[in-house]
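Below: the structure, in structure tokens.
Every chain is numbered from 1 and lettered A, B, ... according to where its sequence line falls, protein lines coming before strand lines. Everything numeric here is computed off the predicted structure, so don't read it as measured data.
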Number of protein chains: 2
Amino acid sequence: MSKALNGTGQISAGTRQRILAAAAETGFKPNELARSVFERRSYTVGMITTDSFERFSVPVMLGAEDALGAGRISVFLCDSRDDPIREKHYIDVLQGRRVDGFIVTGRSSNVRQPLTVEPGTPVVYALTPSADPTDCSIVVDDAAAGRIAGEHFLRMGRSRIAHVTGPEHFDAARERASGLQDALAAAGTSLIAPTFYGGWGEEWGRQAGQMLLRAHPDVDAIYCGSDLVARGVGDSMRELGRHVPRDVALIGTDNWEIVATGARPPLTTVDTGLSEVGRIAAERLLDAIAGRQHAGIERVAPHLVIRGSTDSTGAA
Amino acid sequence: MSKALNGTGQISAGTRQRILAAAAETGFKPNELARSVFERRSYTVGMITTDSFERFSVPVMLGAEDALGAGRISVFLCDSRDDPIREKHYIDVLQGRRVDGFIVTGRSSNVRQPLTVEPGTPVVYALTPSADPTDCSIVVDDAAAGRIAGEHFLRMGRSRIAHVTGPEHFDAARERASGLQDALAAAGTSLIAPTFYGGWGEEWGRQAGQMLLRAHPDVDAIYCGSDLVARGVGDSMRELGRHVPRDVALIGTDNWEIVATGARPPLTTVDTGLSEVGRIAAERLLDAIAGRQHAGIERVAPHLVIRGSTDSTGAA
DNA sequence: CTGAAAGCGCTAACAG
DNA sequence: CTGTTAGCGCTTTCAG
């Protein structure tokens, strides 16, 4: 009897107990599907990632799944592989299952085309904002990431600062660069050299480190667009006789734990708060499902994780 | 009308077309939930991971999701965080949603307690086999991984072979070690030193590399239990004046692309075929749902990916 | 406060 | 071949 199980309707405490006991004994489990048919909602959301759960979407998903699970909502997992056909397929299937909403995530922080869903189905974009500014998007505050890194260098007294990062066509790369420049400008200084745009991997870090040192042997601090780049840069510094952090301080980005802590010295890095992005996205989606729509792009503040590459008192 | 949409029952081609057209025009989407209530199954499975989607469970999940999606089955995502309470909670919720089955995965290859589910609900274990041998488990063939690495070293003419790997309490570590020993024994030789059990990270690799070189300066090949260990070992080799692969050849494990390819030289590594594990697990689950139960532990063959750390003709 | 009845959207079986 | 009906398991409403 649903009245007993849900405590709804009018029923006496006595019979309620009796029914509950009987249910427990029988091992009765209500069929949530049937309830969903009646309620016209499924307490279920679809999470669509475009990038096969690379290291960026995973923390976002985890944060989202966590927040959603607390609201007793289950999560459907979909890997669209950046393929519009697959994406449409998943949307169709999940709408057939009457999901209450969608969270869309992916690797890049560049804008993406909005999802085409049944009108009334809420969608929240995490990490990759929707091109439609009236959609709800949660992203990393990349400018703040650059600023934080710059301020930390200034605070530790470094002044000959350089920046090595990913390809220029990534919004994230350009915004971090401008955040860093802003921080330096606010202190009346500027980058020792134009930003080195290139790639996100170790190899680019090594190359850029060498180029940088050749052009500016007196560099004393380098902000890197990823932890991998930072490792590559660090390797090249050591090879060319520079000590990290004494001669050159290094800050990475991502706080990819296993990479950052495995480095020698462990990397100080800007944690972009991806699981926070996921958590907030989930909350916004829950709000939207409850009828409280959010609109616009919300930027999540990153934070600095200090380790040996900027702190000589820390681990070697 | 369901007859038209599903092509079931008896209906003329004419009216069928007419109904289909009307449905397309209206944008009609059948409610799969209602169908599921009737069918008593949901075309949905639960994927439970114990380890928050570390790099081991992600490829497994991807492989599984891929195979399941082809069978038009959606996947519920659950992160139990190795917490029995959370696990039970997820199982209850998903059984309430009448999932057709479960796939359980996690980081370690050690056996785990079987899931407690409603009788009749199929469960397949991926990566972490069930303690119950009548359950269906798909795992990596770790002994084969060790064998493959050993045979590759022998083939390239190395004979003073060592092994640095993770903690001894991991089944995977011990089995790879014994597989490697078997391969050497088959060629009438043996390890130059007892297996170095320790950890899975770079730091352990560096330590072990130093210890190894001190005790056995003439070592010419090292099989490592993870790509991170291999990187650590490689770093220590170079620091102590050994060239990789000329003086010492290196094989890692996992084929964690970004780590293996970012190394200098890029790492030859044993790919443990995790997405294959996931794919097969999904197929076995589909079979079980269809009434064809599988039982026992199935081992998936790993394969070698050759890069510069064993091949001096390759990248430097 | 209780039990019966109607309906959520679908499918199968059934007369017409 | 067609349209109607009963029923999947649940919740809500409405007489008793």
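To the nearest angstrom, P of D:dC8 lies 23 Å from CZ of B:R97. Nucleotide D:dT5 holds its P atom 18 Å from the CZ atom of B:F38, rounded to whole Å. Distance, B:E32 CD to C:dG9 C1': 11 Å, rounded to whole Å. Rounded to whole Å, the distance from CZ on B:R40 to P on D:dC10 is 11 Å. The CD atom of B:Q95 sits 16 Å away from the P atom of D:dG9 (whole-angstrom rounding). Atom CZ of A:R41 is separated from atom P of C:dG9 by 16 Å (rounded to the nearest Å). Distance B:L33 CG to D:dT11 P: 14 Å, rounded to the nearest Å.
The side chain of B:R98 places no N or O atom within less than 4.0 Å of a non-bridging phosphate oxygen (OP1 or OP2) of D:dC8. Distances shown here put a side-chain N or O of B:R35 below 4.0 Å from the OP1 or OP2 atom of C:dT11.
Salt-bridge formation is detected for the pair B:E87/B:R112: a Lys NZ or Arg NE/NH1/NH2 atom is positioned less than 4.0 Å from an Asp or Glu carboxylate oxygen. Ion pairing between a basic and an acidic side chain is recognised when a charged N comes within 4.0 Å of a carboxylate O; B:D83 and B:R81 show no such pairing.
Side-chain atoms of B:P30 lie closest to C:dC10 of the nucleotides C:dC10, D:dG9, D:dC10.
Ring geometry for B:F76 versus A:F76: interplanar angle under 30°, hence parallel rather than tilted (30 to 60°).
The cationic atom of B:R41 (NZ for Lys, CZ for Arg) lies less than 6.0 Å from the six-membered ring centre of B:Y43 and within 45° of the ring axis.
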